[in-house]
Amino acid sequence: MSGSALYNTFARLPLAFERGEGCWLMTADGTRYLDFASGIAVNSLGHAHPHLVAALTNQASTLWHVSNLYEIPGQNRLGERLVEATFADKVFFTNSGAEALECAIKTARRYHYVRGEENRIRIITFEGAFHGRTLATIAAGGQKKYLEGFGPKVEGFDQVPYGDLEAAEKAVGPDTAAILVEPIQGEGGIRVPPGSFLRGLRELCDRHGLLLIVDEVQTGIGRTGKFLAHEWSGINPDIAAVAKGIGGGFPMGACLATEEAASGMVPGVHGTTFGGNPLAMAVGNAVLDVVLEDGFLEEVARKGLLLKQGLAAIADEFPGVIEEIRGTGLLLGIRCKIANTKLLDAMRAEKMLGAPAGDNVIRLLPPLIVSEEEIKEALERVRRAMRTVAEADAAAEERAQA
Ligand SMILES: *Cc1c(COP(=O)(O)O)cnc(C)c1O
């Protein structure tokens with residue numbers, strides 16, 4: 001038996017935190033880490049935000065859980081606010097991102113089913129995508145390493161290269177129901193498609209009677225400086241999945257849809273025990289209180305630019321370490337020339353946290369409430385980490401030549 005009672009599914013670092021405050025995480029011995037990972041875009045308002053703490057503790061002393069057998073006023077309120085803030089007319093609450101995607105996939109298939117086109121079940125997805133770890137969402141993501149050993153792949157997903165409109169069009173057939181896309185690929189490595197990509201997909205969907213599903217689990221709820229990231233391209237999807245940032249650390253997600261797209265989702269066809277529970281709704285509403293405040297999203301965009309410019313300057317200083325800085329708002333990626341894990345280790349030695357991603361990228365996703373001071377501090381720590389790995393690299397090269 002290995003040392004832990006837990007599944008060995010995570011390659012955990014030997015590091016535990018006891019407390020958090022704003023953009024900072026503290027270990028038991030009081031060491032402070034600057035948190036630019038935010039639980040992978042989850043702690044949208046940082047740690048222990050007073051407004052969120054108050055909302056959750058008030059709700060905890062009132063009512064934890066009922067059931068979707070009854071009206072849940074917090075659900076109606078959060079639903080109405082999401083509808084008000086987005087393209088959507090209808091909302092289904094879930095506990096996670098993968099479940100929000102499951103709901104999105106089911107919504108798209110039912111849309112065609114109730115129109116008598118039950119053959120239309122296929123969904124076009126993109127290489128490098130990540131949509132979750134359920135059986136359907138690993139099929140949607142299409143990554144071998146997540147599919148292997150789990151039996152037959154759930155049928156109905158056709159994958160094409162990300163950003164390739166022509167390939168997407170070629171993949172459309174008589175059985176195609178929808179296109180599912182991340183506005184920016186998060187786990188895939190902060191891959192930003194050309195601005196025309198989403199517009200092209202929208203057009204393609206309109207031409208072929210397909211639904212456009214955007215996976216905004218990582219990009220949504222203000223992360224890029226818009227409430228949802230697809231807004232940058234000026235189009236509206238038919239369905240969107242959100243999660244991560246909407247709970248600010250409380251597990252929750254939502255599937256948003258237009259009235260038409262959701263028309264197949266009638267009583268009894270879908271459900272959830274925990275989704276939309278009063279605790280989650282209290283926190284979700286509190287997150288929106290802050291994120292939808294006048295000027296908040298503009299601040300995210302401004303601070304994102306500041307961080308990106310600072311990183312670009314560091315990239316110029318260390319051309320041997322950094323390939324590229326990319327991303328939008330506070331969803332930024334450092335594409336490395338050396339192993340991203342090496343640079344992450346060096347950053348951690350500077351008491352600074354980022355998150356790894358595909359394509360040899362380090363994600364920087366600070367809480368949206370990050371201050372300019374903290375951005376400057378983060379840039380200093382990243383610069384010091386760069387110096388460490390650049391010097392180690394130079395020393396290794398010298399040894400190799402000797
Ligand atoms: C994290 C993520 C998911 C999965 O969310 P879970 O809450 O882990 O199920 C799906 N899509 C994207 C884009 C994500 O970043």
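For ligands, and for the atoms within them, numbers begin at 1 and follow the listed sequence.
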Student: Judged by atom type as modelled, is there a donor-acceptor pair below 3.5 Å linking the side chain of R109 to the main-chain atoms of I105?
Tutor: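 Side chain of R109 to backbone of I105: no pair is present.
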
Student: I'd like to know if D158 and R122 make a salt bridge, using a cut-off of under 4.0 Å between side-chain N and carboxylate O.
Tutor: yes

Student: Can you list every pair that meets ring-ring contact (aromatic ring centres under 6.0 Å, His included) and has a residue in residues 214-241, with sequence neighbours left out?
Tutor: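 Qualifying pairs: F87-H230.
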
Student: Looking at Y113, I want to see if its OH is surrounded by more than 12 non-hydrogen atoms of other residues, nucleotides or ligands under 6.0 Å.
Tutor: no

Student: Considering residues at least two apart in sequence or located in another chain, which fulfil the side chain to side chain contact (heavy atoms under 4.5 Å, CB included) criterion with S67?
Tutor: L69, Y70

Student: Side chain to side chain contact (heavy atoms under 4.5 Å, CB included) with E203: which residues, sequence neighbours excluded?
Tutor: R207

Student: Protein residues near ligand 1, heavy-atom distance below 4.0 Å?
Tutor: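 Lining ligand 1: S96, G97, A98, F130, H131, G132, E182, D215, V217, Q218, K244.
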
